[in-house]
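Data first, discussion second: the structure below is written as structure tokens.
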There are 2 protein chains.
Amino acid sequence: MNAVAGDGVRPDLAALVVPLGRALMAAEQPVLAEHGLTMWGYAVLSHLDERPLRTQTALAEAIHADKTRIIAVLDDLESRGLLNRRPDPQDRRARLLSLTPEGRRLRDAVRAAVQNGEERLLGRLPVADREAFLRSLITLYEISQGRPAR
Amino acid sequence: MNAVAGDGVRPDLAALVVPLGRALMAAEQPVLAEHGLTMWGYAVLSHLDERPLRTQTALAEAIHADKTRIIAVLDDLESRGLLNRRPDPQDRRARLLSLTPEGRRLRDAVRAAVQNGEERLLGRLPVADREAFLRSLITLYEISQGRPAR
DNA sequence: TATTGTTATACTCTATAACTATA
DNA sequence: TATAGTTATAGAGTATAACAATA
């Protein structure tokens, strides 16, 4: 038996959450690759929601990336017509970021495929636990990101 | 509001789990540093349970590390008298790994401190959700590591 | 002078390949 | 010849520092 099975000592949360996260990311990879997206590219598309963002720095912070890291990602997505990056007329240092219709379509398709895979995993939880798990996960996520739980 | 708050689209599991894992690890750091442990050092101590392991390669696999990655870690822990690493008399290529009493003490102390912090976080969940969350997390972890759920 | 975006550089972490010793 | 452990090297990913444009 391994330490997780339960010999009185519960495993560290981090020792459960981190490997689970790695596995989820690994499961995403083939789906992303099919659509020619890297993880960072998908993160950008996912975060660039309906309304545009005003600076690249803000976007970088939102997805926990360095501002220099996402530049090549934005270059790629822009060149593929998935997002627009135009100088803000109000402040021409900043770049207004927004998804193109194709970008939105791709994001939705990939998200659906990713979540479809995740649903299969979640489906193995007892229905009773499942909702509580998702709710708790969201709560802990919010707290961990410094946002107060409701 | 952000995408997590709930505008009909649930966030990807990975987008919740991975950042949560990062935050949990970050929260562990100060505790580990206090005891002069790196994350890998703690992973080794945590996994080296009561009974010894027969090879370093097995240990490396168990903690999802490359066999070459843990060598410096083992060197350090051994030099500090926290673990024993002696050639297996049966097959002198292999190294039998076991914790010393001090190693076990340190592991227990650090684990207690780490889990104490985690309990504070878990304490912010409704009691009703909390057990379901832990149970689900362990189940999903096991599945993600290729072990069949019960 | 401060800020946005960018480029070039350096650094950290990790895996690969090559070596020693045992079998 | 195959395997366990080790060392040295190369590679990927990341952040830091320096720069150009704009305010």
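Note that these values count all heavy atoms, side chains included, but never hydrogens, waters or copies made by symmetry. Convention: sequence-line order gives letters A, B, ...; per-chain numbering from 1.
Map L74(A) and H64(B) each onto its nearest nucleotide of DNA chain C; the residue landing nearer the 5' end is L74(A). Mapped onto DNA chain D by nearest heavy atom, R92(A) and R85(B) fall at different nucleotides, with R85(B) at the one closer to the 5' end.
Between W40(B) atom CH2 and dT14(C) atom P there is a gap of 6 Å when expressed in whole angstrom units. A straight line from CZ of R69(A) to P of dC11(C) spans 19 Å, rounded to a whole angstrom. In this structure, L53(B) atom CG and dA4(D) atom C1' are separated by 14 Å, rounded to whole Å. Taking atom CD on Q56(B) and atom P on dA21(C), their separation rounds to 16 Å, with Å as the unit. Across the protein-nucleic acid pair, L96(A) atom CG and dG5(C) atom P stand 9 Å apart, rounded to whole Å. In this structure, CG of D88(B) is placed 19 Å from P of dA21(C), rounded to the nearest angstrom. If you measure from atom CE of M39(B) to atom C1' of dT14(C), you get 13 Å, rounded to the nearest angstrom. For I71(A) and dT4(C), the CD1 to C1' distance is 10 Å, given to the nearest whole Å.
When the nucleotides dG5(C), dA23(D), dA15(D) are ranked by their closest atom to the side chain of D91(A), dA23(D) comes out on top. For T68(A), taking side-chain heavy atoms from C-beta onward, the closest of the listed nucleotides dT6(C), dA4(D), dT16(C) is dT6(C). For D66(B), whose side chain is taken as the heavy atoms from C-beta onward, the closest listed nucleotide among dT6(D), dT4(C), dA15(C) is dA15(C).
Between the side chain of R93(A) and the base of dT3(C) there is at least one donor-acceptor pair of N/O atoms closer than 3.5 Å.
At a threshold of 4.0 Å, the pair D88(A)-R92(A) does not count as salt-bridged, since none of the basic side-chain nitrogens sits closer than that to a carboxylate oxygen. Between E118(B) and R111(B), none of the side-chain N atoms (NZ, or NE/NH1/NH2) sits under 4.0 Å from a carboxylate O, so this pair counts as no salt bridge. Electrostatic pairing of R10(B) and E119(A) counts as a salt bridge here, judged by a charged N lying under 4.0 Å from a carboxylate O.
There is a side-chain donor-acceptor pair under 3.5 Å between D12(A) and Q115(B).
Between T57(A) and dT3(C) there is no side-chain N or O to OP1 or OP2 distance below 4.0 Å.
Applying the 6.0 Å contact sphere to CD of E131(A) captures no more than 12 heavy atoms from other residues, nucleotides or ligands.
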